[in-house]
2 protein chains.
Amino acid sequence: MLKIGQLATQAKVSRDTLRFYEKHGLITPTNRNVAGYRLYSDSDIHRISFILSAKEVGFTLNEIHQLLELEVTKDQKSCEDVKQFVDTKIAIVNQRLAEIKRIKKSLQTLSNACCGGDEPATHCTILEALGDQANQA
Amino acid sequence: MLKIGQLATQAKVSRDTLRFYEKHGLITPTNRNVAGYRLYSDSDIHRISFILSAKEVGFTLNEIHQLLELEVTKDQKSCEDVKQFVDTKIAIVNQRLAEIKRIKKSLQTLSNACCGGDEPATHCTILEALGDQANQA
DNA sequence: GTTGACACTAGACTATACTCCAAGGTTTAT
DNA sequence: ATAAACCTTGGAGTATAGTCTAGTGTCAAC
């Protein structure tokens, strides 16, 4: 069981952020000690890890909350509902995946075009690197 | 040449957003007509498309501004600087790519585990779907 | 047994990214 | 030629996601 400061250090977020997430229903410590200190278990660690990953790739806290709520409300929701909701999210993730690949390609084209030497980067622009790809978005 | 409303419709953002981006140095219309109306060219369209893609995958407007500024300041910056900056961004993009793949996998596992019928989604939870992957983040 | 590091709550403050409104000028279709 | 639909600026307001402060309590080590 980790105290809030320990989890914060491990997850590289602030204590305040953890308390903020708790206030918004994203994560609740498994236990509290006698003094009221939050105590986090392994599953809490997994949970915060998921939250941070999802946030990193552009989900809002609200969306993440919905995803995590599937756990809590699993008995009330029918499989059909869950599947539909998740499939919608998969579509979003796929789109995001395509966009991140496009950006990666642009950045890599840019990096390759750049000599890496001392000459001015006259031909090094993101938009040049994007080229015709830009038309597809 | 498109007027602001036409570009807004095409790019699926509001006029206000375009003016907001302009105020923050992300995009400037190529021309203005006599009355002061903004007129956007094809390259402006590419530019807004890049901005929206980059934003979608988690870059802040500030970071996007830096990426786009490579174009403006290209003559002052050495290739070496540009390459280094871009390579840093590529590393971030790669990390984001890994995380989005992880989330996609979780969502897909979840979707597959769900029957898609009328039974309660008792075993359908994101965190169960995440499984051991959660340890790696 | 006290000091320093850490914990608690409640609430104010901040940054980012819009979004809306007011008061006016322009363009387009009838 | 006039009304609807569009454009302009400036500034206020909102949502999201923290971040900080104040005042207080707890714990671990010396």
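For clarity, every value in this text was computed on a predicted model and none was experimentally measured.
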> Among C:dT19, D:dT19, D:dC27, which is the nearest nucleotide to the side chain of B:F20?
Replying inline: C:dT19

>> Does B:V86 form a side-chain contact (heavy atoms from CB on, under 4.5 Å) with B:L70? I'd like the steps, not just the answer.
In response: CA-CA 9 Å; B:V86 170; B:L70 294 174; 3.8 Å; yes

>> At 4.0 Å (heavy atoms only), tell me whether B:R19 reaches a base, stays on the sugar-phosphate, or touches nothing.
In response: base

> Quick one: A:K12 NZ to D:dG18 C1', roughly how many Å, whole number?
Replying inline: 19 Å

> For B:R15 and D:dT9, is the shortest distance between a side-chain N/O and OP1 or OP2 below 4.0 Å?
Replying inline: no

>> Can you work out whether B:V34 or B:H24 has the more 5'-proximal nearest nucleotide on DNA chain C?
In response: B:H24

> Can you list the steps and then say if B:L68 with B:I51 is a side-chain contact (heavy atoms from CB on, under 4.5 Å)?
Replying inline: CA-CA 9 Å; B:L68 290 168; B:I51 292 168; 3.7 Å; yes

> For B:I51 and C:dC18, what is the distance between atoms CD1 and P respectively, to the nearest whole Å?
Replying inline: 10 Å

>> Between A:L110 and B:L97, is there shared hydrophobic-cluster membership here, with clusters defined by ILVMFWY side-chain heavy atoms closer than 4.5 Å?
In response: yes

>> Using whole Å, what does the distance between atom C1' of nucleotide C:dT9 and atom CD1 of A:I4 come to?
In response: 12 Å

> Between B:M1 (CE) and C:dT27 (P), how many Å, whole number?
Replying inline: 16 Å

>> How many whole angstroms separate atom CD of A:E22 from atom P of D:dA17?
In response: 17 Å

> On a plain distance test, is the side chain of A:Y21 in donor-acceptor contact with the base of D:dG18 below 3.5 Å?
Replying inline: no

> What is the distance, rounded to the nearest whole Å, between atom CG of B:N62 and atom P of D:dA17?
Replying inline: 19 Å

> Rounded to the nearest Å, what distance is computed from the NZ atom of residue B:K23 to the P atom of nucleotide D:dA12?
Replying inline: 11 Å

> Just how far, in rounded Å, is P of C:dA7 from CG of A:L39?
Replying inline: 10 Å

>> Within the structure provided, determine whether A:L67 and A:F50 are in side-chain contact (heavy-atom separation under 4.5 Å).
In response: yes

> More 5' along DNA chain D: A:F59 or A:A35, using each one's nearest nucleotide?
Replying inline: A:F59

> Would you call A:R32-A:E22 a salt bridge at under 4.0 Å N-O?
Replying inline: yes

> Counting side-chain heavy atoms from C-beta on, which of C:dC20, D:dC20, C:dT9 comes nearest to A:D16?
Replying inline: D:dC20

> If you check the B:R32 side chain, which of D:dC7, C:dT19, D:dT8 turns out closest?
Replying inline: D:dT8

> Would you say B:K55 reaches C:dC18's phosphate, i.e. side-chain N/O to OP1/OP2 under 4.0 Å?
Replying inline: yes

> Do any side-chain nitrogens or oxygens of B:R38 fall under 4.0 Å of OP1 or OP2 in D:dT8?
Replying inline: yes

> Can you tell which of C:dT26, D:dG18, C:dT19 lies closest to the side chain of B:Y37?
Replying inline: C:dT26

>> If you compare every side-chain N and O of A:T17 against the phosphate oxygens of D:dT19 (OP1, OP2), does one of them come in below 4.0 Å?
In response: yes

